[in-house]
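Notes to accompany the following structure.
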Amino acid sequence: MNVLIIDDSEVARELMSHSLHQHGHRVVAMPSPIGVTRTIQREAIDVVVIDVNLPTINGDRLAMLFRKQNRMDRVGLVLVSGLDYKTLEKLGKDSEADAVVTKPEVTEKLPFAVMHAYNARR
Amino acid sequence: MTTVLIFEHRGLGTAMPAGQAVSASPQGQSGLDLVQLWPGQEADERHALLVRSAIGPVAISCSSPRLARVPHSELRTLTPLLRQSLSDMPYIVGATWVDETPLWLLDMSRFFGSEAARIADPMARPDDDGH
């Protein structure tokens, strides 16, 4: 599976990439959403993992923008954040993300959330 | 495994991705203003560490800088409660352990200046942030 990670934190990108690599996924990571649509098409991305607290645009807002585009229908979305689960779950629902994972749990839960997001779009 | 640079800054053991460090030189030779990541005693900090940050290269005073290899499983991100408590220091992203010593984990790509640095700046005024 091809997964795109958008997170401004280098440490978070490395942790998430490592976790997904271990589960056999190919990972592309970006520090900002600039050029994201082109990257999704060029790299044939199946699932996008978005940090909620991006400096340029809120991740949940970005997820909403994705969902408004028909050509992104088959791309799964996972929101990650240092927020508590309840708040993050609400943001995920509002933005039509397929799964949410809190930052302290990314190492264990992100691979399963990515799989869930992928299946939800098939 | 990943490589981190570990050092002490203002009395706290600290680690950051090794790739964010540019150089370490004896203090006074770098010619750079030093930023303070959090309040505390400078103590025995004889090195100036030049690092890449969100606002460009910045220098941090430190002691005992050295490289170490850490398993990814030993890099822990902050819980929501700690994240909230440390909200004015978004560059503190977690914690790790090297030789059983706990260290704060920094990500200088999230450093946009610090409250401590502004306090330390003699030119800073109380209303600099609009207060």
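Residue numbers begin at 1 in each chain, while the letters A, B, ... track the order of the sequences. Keep in mind that this is a model prediction, so the values were computed, not measured.
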* Residues of residues 3-17 of chain B within contact distance of chain A, non-hydrogen under 4.5 Å -> B:P17
* Structure fact -> Rounded to the nearest 0.5 Å, the CG atom of B:L105 sits from the CG atom of A:L15 at a distance of 7.5 Å
* To do: Kindly compute the distance separating CG (B:D107) from CZ (A:R13), expressed to the nearest 0.5 Å.
  => 7.5 Å
* Is it the backbone or the side chain of B:L75 that comes under 4.5 Å from a heavy atom of chain A, or both, or neither? -> both
* Within one Ile-Leu-Val-Met-Phe-Trp-Tyr cluster: A:M72 and A:M30, side-chain cutoff 4.5 Å -> yes
* Asked: Mind checking whether A:I45 and A:L20 sit in one hydrophobic cluster, side chains of I, L, V, M, F, W, Y counted as touching below 4.5 Å?
  -> no
* Got a sec: does the CZ of A:R61 have more than 12 other heavy atoms crowding it under 6.0 Å? -> no
* Joint cluster assignment, B:V70 & B:L106, ILVMFWY side-chain distance < 4.5 Å -> no
* **Residues from residues 86-122 of chain A approaching chain B under 4.5 Å (heavy atoms)** => A:K103, A:P104
* Asked: Around A:R42, counting heavy atoms of other residues, nucleotides and ligands shown, do more than 12 lie under 6.0 Å from its CZ?
  -> yes
* What distance separates A:M16 CE from B:H72 NE2, expressed to the nearest 0.5 Å? -> 12.0 Å
* **Hydrophobic cluster membership, A:I50 vs A:L4, 4.5 Å side-chain cutoff** => yes
* To do: Verify the neighbour count for atom CD of B:Q84: are there more than 12 heavy atoms of other residues, nucleotides or ligands below 6.0 Å?
  => no
* Would B:R83 and A:D84 pass as an ion pair if we require N to O under 4.0 Å? -> no
* Asked: Does A:E10 reach the side chain of B:M108, with side-chain heavy atoms less than 4.5 Å apart?
  -> no
* To do: May I ask whether A:V78 and A:V36 are part of the same hydrophobic cluster, defined by side-chain heavy atoms of I, L, V, M, F, W, Y residues being less than 4.5 angstrom apart, directly or through others?
  => no
* For B:S73, is it the side chain, the backbone, both, or neither that has a heavy atom closer than 4.5 Å to a heavy atom of chain A? -> neither
